[in-house]
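What's counted below: heavy atoms across the whole structure, side chains too, no hydrogens, waters or symmetry copies. Residue numbering restarts at 1 for every chain, and letters A, B, ... go by the order of the sequence lines.
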Protein chains: 2
Amino acid sequence: MGRSYQQYCGLARALDIVGDRWNLLIVRQLLLGPARNRELMDGLPGVATNLLADRLRDLQAAGVIERQLAPEGNAVVYSLTPWGAQLRGPIDELIRWATPLMTSGPGRDPFLPDWLAVAVPALLNPAPTSESATPEVGLDINGQVFDLRIANGGATIVRHDGRALDATLRAEPTIILGLAAGVLSIDDVHDAIEIDGDEGAVRTAFARRPETTRT
Amino acid sequence: MGRSYQQYCGLARALDIVGDRWNLLIVRQLLLGPARNRELMDGLPGVATNLLADRLRDLQAAGVIERQLAPEGNAVVYSLTPWGAQLRGPIDELIRWATPLMTSGPGRDPFLPDWLAVAVPALLNPAPTSESATPEVGLDINGQVFDLRIANGGATIVRHDGRALDATLRAEPTIILGLAAGVLSIDDVHDAIEIDGDEGAVRTAFARRPETTRT
DNA sequence: CCGCATCCTCATGGATACTG
DNA sequence: CAGTATCCATGAGGATGCGG
């Protein structure tokens, strides 16, 4: 485990536990369900084998995860403790906060469906707390750029300047996020989305980084 | 800046920015208002001068903080951008999650009132999202240990086994948290707290680590 | 194969002294 | 007082090995 901040502060003590590199990403993987060592390695590209072993030890010692022997055979299975599962709150908040970082698209970064599975509930079930960042996705409709604001299971299309367009996009959460992720194109899913109130055809959907959200 | 996770995942990209050591604690300090380099040093005991300078550069480059020259003279003042200020959400969630880590008391860790100022709104205005950890403080009343459950500006006293006690403690948020912090004793504040429905005298308040919350 | 320990290299963090 | 330079300890990341 990394060095402690040695501060009697909730944030500092939380970071003493989950602030070390890879730790929150390990929790992210386990939010999808118990996993074996190999599955964790696959879901965390770039992690070194010894680091993963170290982190799993640390998190277990801290009471965040549990190490269980699968009923049959000698398979080691890792899962979150109830306390560890409560990290969904902080993780969801971080995912919402990072939305402006996602709208620039994947770039050269790998993408795994598992990560989308964690992001969907975080983005579609935003906590009504404080002023969280509104998830934004860019849409190119007939050559005009629009923002796709995702909220409460639906999506609203607004002009980049902020004025709302009288149109709503309906689609499965996975599809909306898939568009945001750039792993689905409009051509792939044009049968699965529906736009009410506007006759314009959606040409392309792409991830965008709205500078206004960051500045 | 530390090495990127290189994952197209909101959590990973958030951690690419605020996951480096000290970064979230710097944001915590700036949540209290703009601060100068010296004030940040004071609020972050143990941070090295070069590290603080590095982190401030990184956070500014990422758009989380701003570096401004104070109107008079050459004073450099750091403040959060609107986007950076939205980190209050994730930080509050982490503070709530860490409550079981706080109930063991300060130990040898330093304590600064600034940190309490950040924790108070996080603990007293919990987001009605998911199942956040309920803040718990230990109370010794006539030799019997009780839990103090803090919620919505008030506090309820419950037995350690979970059964509610027919009593309520009323006090200023600062006082309740001060008790939890161990920086205020019952003797210090017994005039400032009020217990309804029970005649037992409060002997001591101390920070506790309820094992049931973590397992 | 799977889980994990060992080794090695190098980037990063931490503490102190120093400079504009 | 803000920030840099320097030195050393530590941690990350990659490769490899070994027992089950």
Side-chain angles (χ1 to χ4, degrees), chain A residues 1-7 12 15-27 29-30 33-62 65-79 108-110, chain B residues 1-7 12 15-27 29-30 34-62 65-79 109-110:
Chain A
M1 186 168 61
R3 142 177 328 212
S4 164
Y5 286 111
Q6 297 195 113
Q7 298 181 5
L15 294 176
D16 283 342
I17 305 254
V18 296
D20 283 350
R21 192 164 170 77
W22 292 110
N23 277 1
L24 273 185
L25 295 188
I26 292 171
V27 173
Q29 293 301 116
L30 292 178
R36 303 185 51 177
N37 186 303
R38 166 71 184 197
E39 301 176 279
L40 292 175
M41 293 283 301
D42 291 342
L44 300 167
V47 70
T49 59
N50 56 349
L51 269 191
L52 181 58
D54 285 350
R55 294 299 182 260
L56 291 173
R57 241 191 312 272
D58 293 342
L59 291 173
Q60 184 190 18
I65 69 173
E66 283 173 342
R67 175 207 232 94
Q68 289 160 339
L69 290 175
E72 16 79 22
N74 42 12
V76 181
V77 177
Y78 298 94
S79 59
R108 298 226 145 271
D109 295 343
Chain B
M1 185 167 62
R3 147 179 322 217
S4 165
Y5 286 111
Q6 296 195 117
Q7 297 180 6
L15 294 176
D16 283 342
I17 302 231
V18 296
D20 283 349
R21 193 164 170 77
W22 293 109
N23 276 2
L24 272 185
L25 296 188
I26 291 172
V27 173
Q29 292 303 116
L30 293 178
R36 303 184 51 176
N37 186 303
R38 167 70 183 190
E39 301 175 279
L40 292 175
M41 293 283 301
D42 291 342
L44 300 167
V47 71
T49 59
N50 56 350
L51 270 190
L52 181 58
D54 284 351
R55 295 298 181 262
L56 291 173
R57 241 190 313 270
D58 293 342
L59 291 174
Q60 184 190 16
I65 70 173
E66 283 173 342
R67 178 205 230 94
Q68 289 160 337
L69 289 174
E72 16 79 20
N74 43 12
V76 181
V77 177
Y78 297 94
S79 59
D109 295 343

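Formation of a donor-acceptor pair under 3.5 Å by the B:R67 side chain with backbone atoms of B:L56 is not found in this model. Side chain of A:Y5 to backbone of B:G46: no donor-acceptor contact under 3.5 angstrom is found. Here the side chain of B:E39 pairs a donor or acceptor atom with the backbone of B:R36 at under 3.5 angstrom.
Looking only at side-chain heavy atoms (C-beta outward), A:L30 and A:L40 come within less than 4.5 Å of each other. Side chains of B:L25 and A:Q7 form a contact here, defined as non-hydrogen atoms less than 4.5 Å apart.
Looking at B:T49, its side chain has no donor and acceptor atom pair within 3.5 Å of the base of C:dA15.
A straight line from CD1 of A:I26 to C1' of C:dG3 spans 14 Å, rounded to a whole angstrom. For the pair A:L52 CG and C:dC4 C1', the interatomic distance rounds to 10 Å; values are reported in whole Å. Rounded to whole Å, the distance from CG on B:N23 to C1' on C:dT12 is 13 Å. Spacing between atom CG of A:L51 and atom C1' of C:dC4 amounts to 13 Å, rounded to whole angstrom units. One atom, CG of A:L69, and another, C1' of C:dC4, lie 14 Å apart when rounded to the nearest Å. Between the C1' atom of C:dG13 and the CG atom of B:L25 lies a distance of 15 Å, rounded to the nearest Å. Rounded to an integer number of Å, the gap from CG of B:D20 to P of C:dA11 is 16 Å.
OP1 or OP2 of C:dC2 has not a single side-chain nitrogen or oxygen of A:Y78 nearer than 4.0 Å. At least one side-chain nitrogen or oxygen of A:R21 sits closer than 4.0 Å to the OP1 or OP2 atom of D:dG13. When the side-chain nitrogen and oxygen atoms of B:R57 are compared with OP1 and OP2 of D:dT4, one or more of them lie within a distance under 4.0 Å. Contact check, A:R3 against C:dA15: a side-chain N or O comes under 4.0 Å of OP1 or OP2.
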Exercise. Stepwise, does the side-chain contact (heavy atoms from CB on, under 4.5 Å) test hold for B:D20 with B:D54?
Worked result: CA-CA 11 Å; B:D20 283 349; B:D54 284 351; over 6 Å; no
For this session: Before giving the answer on side-chain contact (heavy atoms from CB on, under 4.5 Å), spell out for A:Q6 and B:D109 the whole-Å C-alpha distance, their side-chain angles and the decisive distance to 0.1 Å.
Result: CA-CA 5 Å; A:Q6 297 195 113; B:D109 295 343; 3.8 Å; yes
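Taking the side chain of A:A53 as heavy atoms from C-beta on, and the options C:dA5, D:dT4, C:dG3, the nearest nucleotide is C:dA5. The nucleotide whose nearest atom lies closest to any side-chain atom of A:R67 is, among C:dC4, C:dG13, D:dA2, C:dC4.
For residues 36-48 of chain B, proximity to DNA chain D is found at B:R36, B:N37, B:R38, defined as any non-hydrogen atom under 4.0 angstrom from a strand atom.
Both B:N50 and A:D54 lie near DNA chain C, and the one whose nearest nucleotide falls closer to the 5' end is A:D54.
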